[in-house]
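Shown next, in structure tokens, is the structure this report addresses.
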Amino acid sequence: MGDPGPTGRFGEFGGRFVPESLVAACEELEHAFRQAWADPSFHHAFEALLASYGGRPTPVTECTRLSEELGVRLLLKREDLAHTGSHKLNNVIGQAMVAQRMGKRRLIAETGAGQHGVATATAAALFGMECVVYMGALDTERQALNVFRMELLGAEVRAVHSGARTLKDAVNEAMREWVATVGDTHYCLGSVMGPHPYPWMVRELQRIVGDEARVQCRSILDGSDPDLVVACVGGGSNAAGTFAGFADATASQLVGVEAYGGAALTVGVPGVLHGMRSALLQDEAGQIREAESISAGLDYPGIGPEHAHLAAIGRARYVTAGDAEVLDAFQRLSRAEGIIPALESAHAIAWVLAQAGKEIPDGSTVLVTLSGRGDKDVAQVRDLLGARAGTGERV
Ligand SMILES: *Cc1c(COP(=O)(O)O)cnc(C)c1O
């Protein structure tokens, strides 16, 4: 989990598969980020802002009741307590700071469910930058409240009508727009995906999650690292940031949990999409398949290239959780600990609930990154549970 160097390769994955017109923009960004990341004053300003504005460091909470029920010691890294309710702010604040160093006055972003769009609009408001967010037209209908949030924050939301009118199409459109406006515009990409330097840069901006958690766990676990470190995986940024903090904790097993219907690593095959070579959901003809999951934040048809590499070399393993188990985990964590998780984060919890006493031996210590809070999902979960009412299941 080091620096992939100028080619941006993680083993056979990663790289920079972009049109000629974007090569210079990616190189300029890589250069600016390398300089910033080597500059102690940048780190100081980044961490100070994440503390005073973002609410960092987020705590690690020990789940005493659930631990007792499960027979494992469960710790949660609480990204749900960060400003805007998830880990996403770390990435957008960092990228906005790099954009300012490059003299850009405008941010563009893609968004699926709207969470990365809201985070980018937040950073743009904080820095007084212009902001345009590309969002699939279907998603603007499904996530109307997030569209309004972005507008409240001063951003313009542009609906994308091409393709399936979802996240994949929004990324394509944002990349096209970046080519045309690169002089004054930074493309604030939302996860550890896309062309080099994004997968590396976003992982580095998110490593604050893992670095904090490592120290916090050691203090709770009398100097040891957890036996397992678990995080949900959409594009893979909260998992990458978490895993980075435990890179040399070789006794800690790293586990990424994908949505069953968006399991790019578990059932995908290598290919090129959005400027990177990685594991992708494809049909027999090589066409990208739409991912399907109850959690909009996990239904990206690809995964960050570094995760594909970590799986290939066996440093991390990737598993899945299905919608029904995720709904159960959502309710169980709420009741047992008073923490309503994001549906994305509930995937990581669901895997731990399913495997405690099985693949996770009794007495293990398990750190789960709780990537976000569940307020945004409460109405959807109510509808999903309502649809099951009358079947005899507890609601
Ligand atoms: C966006 C999001 C995710 C998925 O993104 P990653 O890049 O895989 O971290 C997971 N959890 C929450 C709460 C999110 O908002």
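Order of listing sets the numbers, starting from 1, for every ligand and every atom in it. Everything quoted here is computed from the prediction, not taken from an experiment.
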- Query: Judged by modelled atom types alone, do H196 and E30 share a side-chain donor-acceptor pair under 3.5 Å?
  - Reply: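 Checked: H196/E30 side chains pair up, N/O donor to acceptor below 3.5 Å.
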
- Query: Do N91 and Q95 have side-chain N/O donor and acceptor atoms under 3.5 Å apart?
  - Reply: yes

- Just by distance, do the side chain of S364 and the backbone of V72 share a donor-acceptor pair under 3.5 Å? no

- Query: Is a side-chain donor or acceptor of S67 paired with a backbone partner of L74 at a separation under 3.5 angstrom?
  - Reply: yes

Should you measure from each heavy atom of [X], which atoms of ligand 1 turn up under 4.0 Å away?
X    : value
G234 : 8 (O)
A342 : 13 (C)
C232 : 10 (C)
S237 : 6 (P), 7 (O), 8 (O), 9 (O)
K88  : 1 (C), 2 (C), 3 (C), 14 (C), 15 (O)

- Query: Would you say Y260 has more than 12 foreign heavy atoms packed within less than 6.0 Å of its OH?
  - Reply: no

- For atom 12 (C) of ligand 1, which candidate among G372, P341, S371 provides the closest heavy atom?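 Among G372, P341, S371, the closest heavy atom to atom 12 (C) of ligand 1 comes from S371.
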
- Task: May I ask you to check if ligand 1 and V233 share an N or O to N or O distance below 3.5 Å?
- Result: no

- K376-ligand 1 polar pair, N/O distance under 3.5 Å: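 Not met; the criterion fails.
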
- So which bit of H116 gets within less than 4.0 Å of ligand 1, heavy atoms only: side chain, backbone, both or neither? neither

- Thinking salt bridges, do E47 and R56 make one under a 4.0 Å N-O criterion?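 Salt bridge between E47 and R56, a charged N being under 4.0 Å from a carboxylate O: no.
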
